[in-house]
Chemist: 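Here it is, the structure, as structure tokens.
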Amino acid sequence: MTAWLQWLVVGAAVLASALVAFRTLAPFGWRVALARRATGRLPDRFRIWLAGQSACDACGGRDLPRLRRP
Amino acid sequence: MNALAREPLVALVGNPNCGKTALFNLLTGSRQKIANYAGVTVERKEGRLRTASGHRVRVLDLPGAYSLRPRTPDEQITCDFVLGRLPDERRPDEVVAVVDATNLRRHLRLVLALRRLGQRIVVALNMVDLAERRGIRVDAAALSRELGLPVVETVGVRAGGAAALIAHLDATHAPSPAPAPADASTAAAGASASVAADLATVAGDQHEVERILTRLGLERVRSDTLSDRIDRVVLHPIAGPLILAVTLFLIFQAVFVWAKPFMDAITALIAALAGGVARVLPAGPLESLLVDGVLAGAGSVLVFLPQILILFAFILLLEDSGYLPRAAFLLDRLMGSVGLSGRSFIPLLSSFACAVPGILAARTIPNERDRRVTILVAPLMTCSARLPVYTLLIGAFVPARTLALGIGLQGVVLFVLYFAGVTGAFLVAWVMKRLHGSAALHPLQMELPTYHVPSLRNLGIGLLQRVEVFVKRVGSIILALMVLLWFLSSFPAPPPGATGPAIEYSIAGRIGAGLAVLFAPIGFNWQISLALVPGIAAREVVVGALGTVYSLAATGSDVAGQIAPLIAREWSFATAAALLAWYVFAPQCLSTLVTARRETNGWRYPLLMVAYQFTLAYVAAGVTYHLCRAWAGAA
Amino acid sequence: MSPGTDTARPPNSLGLEELPLDIEAQIVALDAPPGREAGDLTERLAEMGFLPGERVRLLARALFGEPLAVRVGSDTFALRRAEAACIRVVALAGVPAAAP
């Protein structure tokens, strides 16, 4: 595998990890604010994923915001 | 309104522990937690039922309530909903009044109260299988005549046990053009009148129930004699506490002994994977990410799955059998002496799994002060996320010696750590009691349900859910944090001609060195200090973080998933003991703080939680470290 | 007249907490000590099934005499002594205590 391809995979992994960490750990308000601001610029599915459930496993996604109709 | 609002809305209402959630799971295909004690469900849960003829019905599961006059936050939810007082939800189109067929005497009273509301009601005669086994035959048709309400028989814990109920809902909720508009206002008027029910009404209802039961030939009370015989031993003032202590002790022994072969297998698998990756990929950033970040980091957390499952198997068995409220009964006096009540026991016990559901379960505590103190001390109960940290350190530093009678030393140390957490909780509760003064009479009023043989299906579902939750956690947030930590620990690269390990020149290495100043007095080196940071997100992350940090710092070819021998070589016993003491008390969990904020409506309690936990952790770790050093020096 | 305000204590009645173990008794009245939460307490007890006329039995006392495990109908509840004291009972002599 060539060196630049390796760096590409590593970079993608780090970026994806940062997104997952943000989604899981950032306060609910921040996530929703970000997802709202990205309306029209990012796909709906991705925005809903990003706003996602809160960090707790127990709530079962009860906090899921209704983003499709801002 | 949209299609969602037009779907018929059906709510399950009933006394605590009559099997509402089991029915809900059958109706909607959900996997909500069920167990044999009052107050498992503390929130409304929503699901959808698709009937045989293709209609969709929204089904709500509500917390159990003894009456329509709420005493606790969880009962409040149920009452508000049934009375149509919730702002974001309309009144249900039909109430499924779930009653326990073995105990119609009490459960029918709630049905009578519901009937006064002018609601459309169907009675689900649940647990008919248990009733028949006990010789109680309830004539559903006769009961229906007497109540003037439709009655269907159900068995919540058996597949297909809700068929009659589904057929009923299918027939009554065929899509109708529009609901009668007058319906809501008249019902609401009826509601306000009947909520003013008092003792006389309860007594009147009791006479009515008596009359119905006599008509059905069920006036003679039959209790479960086997349950009584068990209680004679289990609730005995001397034998009871002994049985409880032995049970808990054996659980911790099993966690260590039974998990060993499975953990060894997972470790070997991860090591083989790491070897494979190193062979296939050339040395470079990708190989380092996979070996040091993914396998050494997230992989080393996965190793602890068997232990967590064994612990949960025992907790699920205890929950399902009906033993838990008995344990609360036995410990009530002890907890009362520090200002907690037996009602706090089940929320605190849930916190052994995770503090988040524990804090939610505190809603079943009627007294507000008790509820807040319970929430405050819940994080001191040793949650399952601490288990990997404990077992890693115990495995590395405590010899696997057998003491007398086949009792392993490692299991004993684990027991002591759990015990230390409980002691800490009692201490904090006691201090709170001294600060706020003791409140007056706190009612206990806790139901001791009939024992059931635990259902293997329920156990299997519960364990599968734990596997799912744990693997998901490892695969998402833990993996993500490990990749980020790997990145921060690898860059920037050391300047040419540097001598030490590369990680010391990285961003993470510098952060670690900075934090080490704070933690050096309690015996933590810079690697531990660094690993504590991502550990704030979730406790078990610290294990993965140590794996990544040491894997990167190692110059040789130390295999991933094998941090135990590494730290056993690098750390002193005093450092390991101090880290254990730290983890007994430390506020290392964001979800807990967020939940505490939500449940107490403010930052006061979560901040108090962080402050006292941090102080306790720092002091406990410091004392442990210096005592161990002094002891080692003297020896 | 609601049973909760029935303060007339029938002769021979005793608080449930004084009842010996395994003796069948009948509830004659609910009678909370006067206080802010008295009505609430008796009401809740009534809702759980502790109503005049019902039969009760003490199944167990924990160490140090508290809490009590009380059988009412086919239910078992754990109560504090103070709660049990609100329940006035008369022992039913000669009735076998064991369940059928």
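Each chain gets a letter, A, B and so on, in the order the sequences are listed, and its residues count up from 1.
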Chemist: Looking at every non-hydrogen atom in both residues, tell me the closest pair between Leu448(B) and Ala78(C) and how far apart they are.
Modeler: CG-N, 4.2 Å
Chemist: Indicate the atoms forming the closest heavy-atom contact of Met48(C) with Arg106(B), along with that distance.
Modeler: O-CD, 3.5 Å
Chemist: Side chains of Thr76(C) and Glu447(B), heavy atoms from C-beta outward: is any pair under 4.5 Å?
Modeler: no
Chemist: Check whether Arg326(B) gets within reach of chain C through its side chain, its backbone, both or neither, counting any heavy atom under 4.5 Å.
Modeler: neither
Chemist: Leu51(C) and Ala203(B): which non-hydrogen atoms are nearest, and at how many Å?
Modeler: CD2-CA, 4.0 Å
Chemist: Should the heavy atoms of other residues, nucleotides or ligands under 6.0 Å from CZ of Arg215(B) be counted, would the total exceed 12?
Modeler: no
Chemist: Among Leu45(C), Leu68(C), Val70(C), Val72(C), single out the residue with the greatest number of heavy-atom pairs under 4.5 Å to chain B.
Modeler: Leu68(C)
Chemist: Side chain from CB out, backbone as N, CA, C, O: work out which of these in Leu235(B) comes under 4.5 Å of a heavy atom of chain C, or both, or neither.
Modeler: both
Chemist: Under a 4.5 Å cutoff for heavy-atom pairs, which residue among Ala46(C), Gly49(C), Pro67(C) has the most contacts with chain B?
Modeler: Pro67(C)
Chemist: Who are the side-chain contact (heavy atoms from CB on, under 4.5 Å) partners of Leu331(B), not counting sequence neighbours?
Modeler: Leu244(B), Leu334(B), Met335(B), Phe345(B)
Chemist: Would you say that Arg80(C) contacts Asp332(B) through its side chain, given a criterion of any heavy-atom pair below 4.5 Å between the two side chains?
Modeler: yes
Chemist: Which bit of Leu21(C) is near chain B, if near means a heavy-atom gap under 4.5 Å: side chain, backbone, both or neither?
Modeler: neither
Chemist: Give me the atom names and distance for the closest heavy-atom approach of Ser74(C) to Thr102(B).
Modeler: OG-O, 3.6 Å
Chemist: Please find the pair of heavy atoms, one from Glu47(C) and one from Arg109(B), that lie closest to each other, and give the distance.
Modeler: O-NH2, 2.7 Å
Chemist: Quick one: does any side-chain atom of Arg333(B) pair with a main-chain N or O of Phe64(C) as donor and acceptor, under 3.5 Å?
Modeler: yes
Chemist: Nearest 0.5 Å, please: how far is CZ in Arg44(C) from CD in Gln445(B)?
Modeler: 6.5 Å
Chemist: Can we say Asp75(C) and Arg105(B) salt-bridge, meaning some charged N sits less than 4.0 Å from an Asp/Glu carboxylate O?
Modeler: no
Chemist: Any heavy-atom pair between the side chains of Arg71(C) and Asp231(B) that's under 4.5 Å?
Modeler: no
Chemist: Using every non-hydrogen atom in the two residues, find where Ala62(C) and Phe329(B) come nearest and quote the distance to one decimal.
Modeler: CB-CE2, 3.8 Å
